[in-house]
Amino acid sequence: MTQYIADPISRKSIRVLTGMLRKVVDLDDEGYFPVMEYFELVLPQIDPLFEYEIVPIQYMKEYGITYPEKNLIRLREDVYEKAVSGIARDRFTVAHEIGHYFLHKPGSIALARARNVDIDRIPAYQNPEWQANTFAGELLAPSHIVRGLSIKEIAMNCGVSLDVARIQLKNS
Ligand SMILES: [Zn+2]
């Protein structure tokens, strides 16, 4: 697998972006972010070039892949279906791919192939996977919503896993 290194971006900057994306659809104070409605109905309105494909499980081993330069997100069929039915892990996957879509478009944050670079030595904020995970956490469970709640309450209210709830609470 090719490792990539991205331009640095902090959690704080990612939070500004996810906050804006929630605000344009009037969902700033919504505990449960409707990520699939966002994916299927809102994204095409925000970006008319956006396309998605649902790929049968036998043709795809990854949960999802984003091709920012083609304005395309591919989701594996079972992941799509589980996300629609509200499974936390799959909701997170879709939010993660939306993160790649917004963060790693050509002309926004550049991605470069990290040649001869030890991936463990790339700072987290330059790791595109950290960036997409942080985007997903901030989109699904923003700090102003998780503050004052328990980890379990966050997981329930926001439709995220306990791990994501814990990370978001720690960073709130
Ligand atoms: Zn990713």
Side-chain angles (χ1 to χ4, degrees), residues 1-22 33-36 38-40 42-44 46-47 49-84 86-142 158-168 170-171:
M1 192 192 139
T2 314
Q3 300 292 2
Y4 288 92
I5 182 164
D7 283 354
I9 182 168
S10 64
R11 178 178 287 272
K12 207 170 148 191
S13 308
I14 291 172
R15 186 171 286 170
V16 171
L17 172 64
T18 52
M20 270 166 35
L21 292 173
R22 276 178 158 256
F33 187 77
V35 70
M36 294 315 283
Y38 197 85
F39 180 73
E40 294 185 281
V42 178
L43 261 182
I46 295 178
D47 184 352
L49 294 173
F50 171 70
E51 282 183 68
Y52 69 87
E53 289 172 4
I54 309 303
V55 181
I57 189 162
Q58 64 267 35
Y59 299 118
M60 195 167 166
K61 60 177 191 301
E62 300 85 353
Y63 298 139
I65 310 180
T66 300
Y67 303 89
E69 70 291 349
K70 293 186 195 159
N71 304 293
L72 173 67
I73 295 179
R74 270 195 191 130
L75 292 178
R76 209 171 69 188
E77 196 171 23
D78 58 319
V79 171
Y80 169 83
E81 279 164 7
K82 283 187 277 177
V84 168
I87 307 293
R89 196 178 84 159
D90 302 282
R91 282 168 47 78
F92 190 85
T93 297
V94 176
H96 174 103
E97 297 306 328
I98 296 173
H100 280 307
Y101 190 81
F102 279 111
L103 293 170
H104 304 133
K105 260 184 179 312
S108 54
I109 293 189
L111 276 189
R113 269 165 218 270
R115 287 180 206 280
N116 306 318
V117 172
D118 181 355
I119 192 74
D120 297 331
R121 302 191 64 175
I122 297 172
Y125 55 86
Q126 277 192 284
N127 180 337
E129 295 313 312
W130 177 87
Q131 294 175 351
N133 282 338
T134 301
F135 177 99
E138 292 292 330
L139 186 68
L140 298 175
C158 300
V160 295
S161 69
L162 293 172
D163 284 343
V164 171
R166 198 172 294 120
I167 292 169
Q168 290 308 108
K170 197 181 104 198
N171 287 291

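Both ligands and their constituent atoms are indexed starting at 1 by order of listing. The figures that follow rest on heavy atoms only: side chains count, while hydrogens, waters and symmetry mates do not.
When the Zn ion (ligand 1) is compared with the N/O/S atoms of Glu129, atom OE1 turns out nearest. Of all N, O or S atoms in His96, the one lying closest to the Zn ion (ligand 1) is NE2.
In this structure, Tyr101 OH and Ile46 CD1 are separated by 10.0 Å, a value rounded to the nearest 0.5 Å. Between Ile73 atom CD1 and Phe50 atom CZ the span is 4.5 Å, to the nearest 0.5 Å.
Residue contact annotation: Glu97 places no N/O/S atom under 2.8 Å from the Zn ion (ligand 1).
Judged purely by distance below 3.5 Å, without hydrogens or angles, the side chains of Glu138 and Gln168 pair a donor atom with an acceptor atom.
Open room surrounds CD on Glu51; 12 or fewer heavy atoms of other groups in view lie less than 6.0 Å from it.
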